[in-house]
Amino acid sequence: MIKYNFCAGPAKLPDDVLKIAQAELLDWSNTGCSVMEMSHRSKEFINVYNEAVEGLTRLLNIPEDYSVLFMHGGGRGQFSAVPLNLLKQGSSDGAHYVTTGSWSADAVKEAEKFGQIKETKPVINNNNLYSVLPVEQWQLDDEVDFVHYCPNETVDGIEVFESPKKVSRNLCVVADMSSTILSRVIDVNDFDLIYAGAQKNIGPSGLTIVIIKNALLKRSQNNVPSIFNYALTAEKESMFNTPPTFAIYLANLVFKWLIAKGGVSEIEKVNIEKAALLYKAIDDSQLFYSKVAAQNRSRMNVTFFLKNTDLESKFLEQAEQAGLLALKGHRSVGGIRASIYNAMPIEGVQALVNFMNKFESENT
Ligand SMILES: *Cc1c(COP(=O)(O)O)cnc(C)c1O
């Protein structure tokens, strides 16, 4: 039986990538050892690092005045690193955090340790249907050191498709793209800093991607812990200490896989199709329903619920038996969550839809 893994993270990686890694695990690039066992300063590994930076730069069309950093600590590490580096020391006007779900709420809690944080909550609930106000209504303040938001809330399944730069080019915009990076075309110029834990849409956990406008590097002062210091990481080309080498190697393979597929604009078409297929099945159903308004429905994390909650555990159990794995919603919200990142083929979504239809006809 073919199994499909809908885990929110660490998430499914492309089968083709895992096969390459498997084939060269014991003897990588004729070196006689695995890539994990090699110095991060060896010419072979530096080559992988360079390819990975170039691959990501090509996929996102990253302009020349930005740096790509490979860091540690995951998305949550960045919840600390962003305010530590970007709040102006001595003359801070604080930061403005936009909360649209559970990850951005946690980012606020961390940032409050380091400075004055203003919080905006633009999510509205209209009869149990959630939507996010347009960015023009977020009342963003040009004066703050930076604005932080999360374009895709992984737990809640809420996605915001517009950048706050739409309101003012003067805003310094920081985005937690952990679960949406590389899923759709973006203009990197709409952001001053993008960060993402790799384990959703890029590679294994342990690698954190930061894309930062070079002008912002000047803000990092010496008292920022070295491991989280953007200026130092940029200066040392992500090799201040041992980087997560195996994760960078796998991320590089994922970037090559995506480039071979035609890049972000091509995978975006598939992602739109996958999400439309699943949301249509939910909307057409008498049993399943979504709590997210059409314009804010995540393409990567599709959350839904059963009108008869007694059937939820049966649904999850039978789905697992049918080879549809890790569909349980996050413990804080319950229900069902199907994460359909780039590596999920449309066949997996079709298999889920077929199962949902069958389950509904047998249980209503
Ligand atoms: C998963 C996730 C995080 C946390 O990532 P860690 O690597 O576990 O720290 C933060 N933000 C978003 C949007 C996420 O999806």
Side-chain angles (χ1 to χ4, degrees), residues 5-13 69-84 95 97-113 117 119 121-123 130 132 146-161 163-164 173-184 186 191 193-211 225 227-228 233 238 243-244 246-248 250-251 254 271 275 292 296-303 326 328-333 337-344:
N5 174 12
F6 293 91
C7 190
K12 177 173 174 47
L13 288 163
L69 312 180
F70 293 153
M71 300 186 76
H72 301 272
R76 281 191 187 276
Q78 294 304 311
F79 290 179
S80 321
V82 165
L84 276 167
Y97 274 61
V98 181
T99 303
T100 49
S102 62
W103 284 117
S104 46
D106 275 5
V108 174
K109 278 189 236 147
E110 189 66 13
E112 281 174 338
K113 296 179 183 173
I117 306 301
E119 191 182 1
K121 299 178 177 178
V123 176
Y130 292 83
V132 183
F146 65 92
V147 171
H148 177 279
Y149 83 118
C150 179
N152 187 61
E153 286 284 0
T154 322
V155 169
D156 314 82
I158 291 179
E159 189 155 3
V160 171
F161 292 91
S163 160
V173 175
V174 176
D176 174 1
M177 293 214 177
S178 294
S179 52
T180 181
I181 191 165
L182 296 174
S183 73
R184 56 179 162 94
I186 55 163
F191 307 92
L193 190 149
I194 292 168
Y195 66 87
Q199 71 272 23
K200 312 282 164 63
N201 215 10
I202 290 178
S205 58
L207 169 65
T208 314
I209 307 277
V210 173
I211 302 165
I227 200 80
F228 276 161
T233 308
S238 302
F246 191 65
I248 292 173
L250 271 175
V254 171
N271 288 333
V292 186
N296 292 117
R297 285 176 167 184
S298 169
R299 287 185 195 150
M300 293 288 104
N301 311 97
V302 179
T303 52
K328 195 174 168 55
H330 190 270
R331 59 192 179 281
S332 63
V333 292
R337 171 174 56 174
S339 294
I340 52 174
Y341 300 112
N342 288 350
M344 174 62 67

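Keep in mind that what you see is a predicted model, and the values were worked out from it rather than measured. Whatever order the structure lists them in is the order used to number ligands and atoms, beginning at 1.
A donor-acceptor pair under 3.5 Å is absent between the side-chain atoms of Glu119 and the main chain of Thr99, judged by distance alone.
Between Thr154 and Ser179 the shortest heavy-atom distance is OG1-OG, 2.7 Å.
Atom NZ of Lys12 has more than 12 neighbouring heavy atoms from other residues, nucleotides or ligands inside a 6.0 Å radius.
Every atom of ligand 1 with a heavy atom of Gln199 under 4.0 Å away is listed here by number and element: 5 (O), 6 (P), 7 (O), 8 (O). Interface atoms of ligand 1 facing Phe79, defined by a heavy-atom separation under 4.0 Å, are 10 (C). Atoms of ligand 1 found under 4.0 Å from any heavy atom of Cys150 (numbered from 1 in listed order, with element): 13 (C). Each of the following atoms of ligand 1 lies closer than 4.0 Å to a heavy atom of Gly74: 7 (O), 9 (O).
For atom 9 (O) of ligand 1, the nearest protein heavy atom (residue, atom name, distance) is Arg76 N, 2.8 Å. With hydrogens left out, the protein atom closest to atom 5 (O) of ligand 1 is Gly75 N, 3.4 Å, a heavy atom. Summary of contacts: the protein heavy atom closest to atom 1 (C) of ligand 1 is Lys200 NZ, 1.6 Å. For atom 11 (N) of ligand 1, the nearest protein heavy atom (residue, atom name, distance) is Asp176 OD2, 2.6 Å.
Salt bridge Glu112/Lys109: absent, no basic N to carboxylate O contact under 4.0 Å.
The distance criterion of under 3.5 Å between nitrogen or oxygen atoms is not met by Gly77 with respect to ligand 1. Some N or O of Thr154 is nearer than 3.5 Å to an N or O of ligand 1, by distance alone.
Under 4.0 Å from ligand 1, not a single heavy atom of Ser205 appears.
Ring geometry, His148 versus Tyr97: the interplanar angle falls under 30°, so the pair is classed parallel (tilted spans 30 to 60°).
Judged purely by distance below 3.5 Å, without hydrogens or angles, the side chains of Thr208 and Gln78 never pair a donor atom with an acceptor atom. With no hydrogens or angles considered, a side-chain donor-acceptor pair links Asn301 and Tyr341 at under 3.5 Å.
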task: Show your reasoning for whether side-chain contact (heavy atoms from CB on, under 4.5 Å) applies to Phe161 and Arg184.
output: CA-CA 10 Å; Phe161 292 91; Arg184 56 179 162 94; 3.6 Å; yes

